[in-house]
Amino acid sequence: MKEVRVRFAPSPTGPLHIGGVRTALYNYLFAKKNGGKMLLRIEDTDQTRFVPGAEEYIIKSLDWCGIKFDESDIVGGPYGPYKQSNRKHLYKQYSDELIAKGCAYYAFDTAEELDKYRAEAEAQKKTFIYNAESRKNLRNSLTMSKEEVDALINAGTPYTVRFKMPENHIVEMHDIIRGDIKVNTNTLDDKVLFKSDGMPTYHLANIVDDHLMLISHVIRGEEWLPSMPLHVLLYQAFGWEAPEFAHLPLLLKPDGNGKLSKRDGDRLGFPVFPMQWENPETHEISSGYKQSGYYAEAFINMLALLGWNPGTEQEIFSMDELIEAFSFDHCSKSGARFNVEKAKWFNHEYLMKKSSEEVGKDYQAWLKAEKNIDADLQYVTKVAALVKDRVNFVKELWEQSFFFFEEPVTYDEVTVKKRWKENSAEMMRKAAEVINGINDFSAENIDRTLNEWITGNELGMGLVMNGLRLMLVGAGKGPHIHEILALLGKEEALKRIEKGIKALG
RNA sequence: GGUCUCUUCGUCUAGUCUGGUUAGGACGUCAGGUUUUCAUCCUGGUAACUCGGGUUCAAAUCCCGGAGAGACUACCA
C-alpha cells in the first residue's frame, strides 16, 4: 500500500462544529493507525464568505482536541502553501488543460441570466440544469465560434469555465464505507470549475490540491457524496489516479429531523462547537465544550463513538487506544443523533479517573474565578478526593462541597423538619463535648470515637449523625460526617455546631 | 420534483458478508441493594430487527417490492 496521506480541509467561514471535528478526528485516527501523514489545508476560495478569526479558531480547537497535523502552513511541509488563496496562481493552468482536452468549456452566461432561467423553470415546476441538453442553447464556447469566444475574452468579458459532463455515461465508483455506487452522468450538471473572479471553485481546487499533495484517502462528510462522480470524472479527465474515498455518516439533531446545525446547540442546551465562539459581527456568543467543562479526552472519546465502534464492548478510549482500534470496517453508514446525556457520562468517567490533585487544581482555579475564594491547594485536593466521583464537571463540585468553604447560612427546611427533633439541641451540645475531647482529629479516629460514644450510650446513630450534618452542612447531604469533621477541623466544627444550635433551638 | 445514501431498544450501537443468538453492550429510565444523609457505586428490570411478499426445515441476516428519513440539487464549501 502506498503511503497514507489524508487531509482535513475546512473553509474558514465560521467556527468548526462537532461534525467537522469528528471528520478531522477520523482522518487523524486513520492516518496515525496506518503510519501516514495528516495535513491541514484551508479552502478559502470563496472570498465573499471569509470570516475573520475562523481559521485561527479551527486551528486552536483542533489543537485543544489533541489532533495534530504533520503538514500545514503553521508546521510547514513540502507541498505548501496549504491555503488555497495562496495557491491561486496554480489553478488556471489546470482549467486551461481541461479546455484544451475538450473536457471543459468557457461559459459567458451571467449569474443574473442563470437566475432567470432557474426562476422560469421553477415556475413550470421544472428544474433548470446546465447540462448537455441546455448548454446547446446557452452562451458558451460550445455554441459560439472560436473567433467570437476569443473576442469576448480579449475584451475582458467575465466568464466561467464549466466541466463538460459526458452524455449518458455510467460512472462506477467505490466508497470504502458505502461500497459500489453507480450514477448516470445524464443526471449530473456542468459544474463551474473556474469562477469569473479568477478563483477556482471547490471542485477544481480540491482535486488539483489533493493530487498535488499526494492525498491517498479522501475522508469527508456524507454531504459530499453527490459530488463524488464529478470528482472521479475530473481525475479521469486529468489522467490522474484518484484517491480512495470514505464518506462519513452525518451528525443529526438530537430532536426532530435533519443534520446538526450551528443553531441547534444553544437552543437545546449543549454546545455544538469545540470551543466558545464569538461572532465577530454580532458579538453573539456560542458555547463550547471546553468552556462548558468538558475534558478534551472525554469530548474526543464521545465523538469517536458517534459513527464508529471498536467491535468490542470497550467504551473508554485514550487517543492512542483510538488510533490502535480505528478502522473503517466499523464505521456505520447511517447518521448518528447526538446525545447530551451520554456526553456527560463520558466526562464523568474521565473526571473519576483523574487524580485528586489534578481535579483539585482545576477546582481551585474555578473557586477563584467564580467565587473569589482563595483556597489552599492541599485543602481543595482533599475536598476533591471526597466528592469528585459525585459529579460530571468540575463546576458541579461546588454544589457538592460548598460547605467546606463557607459555613451554613440557612438550614434546609425539609431536612430540619425531618431530622431536627426535640432533643436534638441537647444532643448536639453533648456531641460538641465529645468532639472537643478528641485529640487525634483524623477521620478514622473521629469515626471510631463518635461510634463508640453513640453505641455505648445507646443514643441513636441517625439522631446524632443527621443532627451533626445539619449543623455542619446546613442540609441533608454530603460525605461521611467524620470526613467532613476531619477536613473542617475541630475549631470550625465546634463553631458551626454552636451556631446551629442557636439557629434551630 | 430529480439523483444518491440510509433504516436493529427513546439514543449510540453489536450481530447482516459466511441464515439457526433467550437479538448482546452502553446512555437514559424504573426497581432493589449499599450509605446515619445526599450523591456516587453495585445488582436487576425495561425496551428494538421500517412494512409486505418470496426463497428456506429455519430470515434481523438472502431476493423482490413498497414506506420513511437524510444529503445534494449555487460563479458556497
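The figures that follow rest on heavy atoms only: side chains count, while hydrogens, waters and symmetry mates do not.
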- Item | Integer angstrom distance from the C1' of B/C42 to that of B/U34 | 8 Å

- Return the value, rounded to whole Å, for the distance between atom CG of A/Leu230 and atom C1' of B/U73. 13 Å

So which protein nitrogen or oxygen atoms get under 3.5 Å of nucleotides 13-17 of chain B's nitrogens or oxygens?
unit_1: B/U13; atom_1: OP1; unit_2: A/Gly307; atom_2: N; d: 2.9
unit_1: B/U13; atom_1: OP1; unit_2: A/Ser332; atom_2: OG; d: 3.2
unit_1: B/U13; atom_1: O3'; unit_2: A/Asn309; atom_2: ND2; d: 3.0
unit_1: B/A14; atom_1: OP1; unit_2: A/Asn309; atom_2: ND2; d: 2.7

- Query: Going through the distances and angles, do A/Asn451 and A/His482 end up as a side chain to side chain contact (heavy atoms under 4.5 Å, CB included)?
  - Reply: CA-CA 10 Å; A/Asn451 264 302; A/His482 56 270; over 6 Å; no

- Note on the structure: Rounded to whole Å, CG of A/Leu386 lies from P of B/U37 at a distance of 16 Å

- Query: Quick one, which residues of residues 171-180 of chain A touch RNA chain B with a heavy atom under 4.0 Å?
  - Reply: A/Arg178

- Message: Between A/Tyr294 and A/Tyr350, is the ring centroid distance below 6.0 Å?
- Response: no

- Message: Quick test of your reading of the model: are A/Glu315 and A/Lys342 salt-bridged, counting only N-O distances below 4.0 Å?
- Response: yes

- Rounded P spacing from B/G70 to B/G28 in Å: 28 Å

- Base-pairing mate for B/C6 - Watson-Crick or G-U, with both contacts under 3.5 Å: B/G68

- Message: Before you tell me yes or no, could you show the steps for A/Arg496 and A/Leu488 under side chain to side chain contact (heavy atoms under 4.5 Å, CB included), namely the whole-Å CA-CA distance, both residues' side-chain angles and the distance that decides it to 0.1 Å?
- Response: CA-CA 10 Å; A/Arg496 290 191 187 186; A/Leu488 246 29; 3.6 Å; yes

- Would you indicate what A/Leu252 reaches in the nucleic acid, counting non-hydrogen atoms under 4.0 angstrom: base, sugar-phosphate, or nothing? nothing

- Message: From the set B/U5, B/U11, B/U3, return the single nucleotide nearest to any side-chain atom of A/Glu222.
- Response: B/U5

- Message: Go through it in stages, so that I can follow the logic: the residues are A/Phe346 and A/Phe299, the test is side chain to side chain contact (heavy atoms under 4.5 Å, CB included), and I'd like the CA-CA distance, side-chain angles, deciding distance and then a yes or no.
- Response: CA-CA 8 Å; A/Phe346 273 109; A/Phe299 172 62; over 6 Å; no

- Item | salt_bridge(A/Glu444, A/Arg448) N-O dist < 4.0 Å | no

- Message: Would A/Leu16 and A/Phe8 count as a side chain to side chain contact (heavy atoms under 4.5 Å, CB included) here? Give the steps.
- Response: CA-CA 12 Å; A/Leu16 190 62; A/Phe8 181 59; 3.7 Å; yes

- Message: Can you tell whether the side chains of A/Lys388 and A/Glu358 come within less than 4.0 Å, N to carboxylate O?
- Response: no

- Message: With a 4.0 Å cut-off on N to O distance, would you call A/Asp264 and A/Lys253 a salt bridge?
- Response: yes

- Rounded distance (Å) that lies between atom C1' of B/U37 and atom CZ of A/Phe403: 11 Å

- Are A/Asn140 and A/Tyr130 close enough that a side-chain donor and a side-chain acceptor fall under 3.5 Å? yes

- Item | Pairing of A/Arg7 and A/Glu43 as salt bridge, 4.0 angstrom limit | no

- Which part of the nucleic acid, if any, lies within reach of A/Lys259 when heavy atoms closer than 4.0 Å are counted: base, sugar-phosphate only, or nothing? sugar-phosphate

- Item | A/Trp308 ring center near A/Tyr26 ring center (under 6.0 Å) | no

- Task: Between B/G15 and B/U22, how far apart are the C1' atoms? Round to whole Å, please.
- Result: 15 Å

- Within the 6.0 Å centroid threshold, strictly below: A/Phe405 and A/Tyr363: yes

- With sugar-phosphate meaning primed atoms plus P, OP1 and OP2, does A/Lys125 contact a base, only sugar-phosphate, or nothing at under 4.0 Å between heavy atoms? nothing

- Spacing between A/Asn184 atom CG and B/G2 atom C1', to the nearest angstrom: 13 Å

- If you measure from CD on A/Glu396 to NE2 on A/His348, what distance do you get to the nearest 0.5 Å? 10.0 Å

- Message: Measuring only the P atom in each nucleotide, how far is B/C9 from B/G52? A whole number of Å is fine.
- Response: 16 Å

- Query: B/C6 C1' sits how many Å from A/His247 NE2, rounded?
  - Reply: 15 Å

- Task: May I ask you to list the residues of residues 463-474 of chain A, by number, that have any heavy atom positioned under 4.0 Å from an atom of RNA chain B?
- Result: A/Met465, A/Asn466, A/Arg469

- Query: Would A/Tyr105 and A/Asp190 count as having a side-chain donor-acceptor pair, cut-off 3.5 Å?
  - Reply: yes

- Take the protein atom NZ of A/Lys333 and the nucleotide atom P of B/U8, then report the distance between them rounded to whole Å. 12 Å

- To the nearest Å, how far apart are A/Asn392 CG and B/C27 C1'? 12 Å

- For nucleotides B/G65 and B/A26, find the distance between their P atoms and express it as a whole number of Å. 39 Å

- Item | Polar side chain donor-acceptor pair, A/Asp46 to A/Tyr202, under 3.5 angstrom | no

- Item | Among B/G24, B/G28, B/U3, the one nearest A/Glu313 by side-chain distance | B/G24

- Take the protein atom CG of A/Leu250 and the nucleotide atom P of B/C12, then report the distance between them rounded to whole Å. 13 Å

- Task: Using a 4.0 Å cut-off on protein heavy atoms (strictly under), produce a 5'-to-3' string for nucleotides 38-47 of chain B with B for base contact, S for backbone-only sugar-phosphate contact, and - for none.
- Result: BBSS------

Any protein N or O atoms within reach of nucleotides 74-77 of chain B? Criterion: under 3.5 Å, listing atom names and distances.
unit_1: B/C75; atom_1: OP2; unit_2: A/Arg118; atom_2: NH2; d: 3.4
unit_1: B/C75; atom_1: OP2; unit_2: A/Arg162; atom_2: NH2; d: 3.2
unit_1: B/C75; atom_1: O2; unit_2: A/Ser196; atom_2: N; d: 2.7
unit_1: B/C75; atom_1: O2; unit_2: A/Ser196; atom_2: OG; d: 2.7
unit_1: B/C75; atom_1: N3; unit_2: A/Ser196; atom_2: OG; d: 3.0
unit_1: B/C75; atom_1: N4; unit_2: A/Asp109; atom_2: O; d: 2.9
unit_1: B/C75; atom_1: N4; unit_2: A/Ala111; atom_2: N; d: 3.4
unit_1: B/C76; atom_1: OP2; unit_2: A/Lys195; atom_2: NZ; d: 3.2
unit_1: B/C76; atom_1: O2'; unit_2: A/Asp46; atom_2: OD2; d: 2.9
unit_1: B/C76; atom_1: O2'; unit_2: A/Arg49; atom_2: NE; d: 3.2
unit_1: B/C76; atom_1: O2'; unit_2: A/Arg49; atom_2: NH2; d: 3.2
unit_1: B/C76; atom_1: O2; unit_2: A/Arg49; atom_2: NH1; d: 3.4
unit_1: B/C76; atom_1: O2; unit_2: A/Arg49; atom_2: NH2; d: 3.2
unit_1: B/A77; atom_1: OP1; unit_2: A/Thr45; atom_2: OG1; d: 2.8
unit_1: B/A77; atom_1: OP1; unit_2: A/Lys195; atom_2: NZ; d: 2.9
unit_1: B/A77; atom_1: OP2; unit_2: A/Tyr202; atom_2: N; d: 3.2
unit_1: B/A77; atom_1: O3'; unit_2: A/Ser11; atom_2: OG; d: 2.8
unit_1: B/A77; atom_1: O3'; unit_2: A/Glu43; atom_2: OE1; d: 3.4
unit_1: B/A77; atom_1: O2'; unit_2: A/Ser11; atom_2: OG; d: 2.6

- Message: Suppose the criterion is salt bridge (Lys or Arg N to Asp or Glu O under 4.0 Å): which pairs have a residue in residues 160-183 of chain A, not counting sequence neighbours?
- Response: A/Arg178-A/Glu222

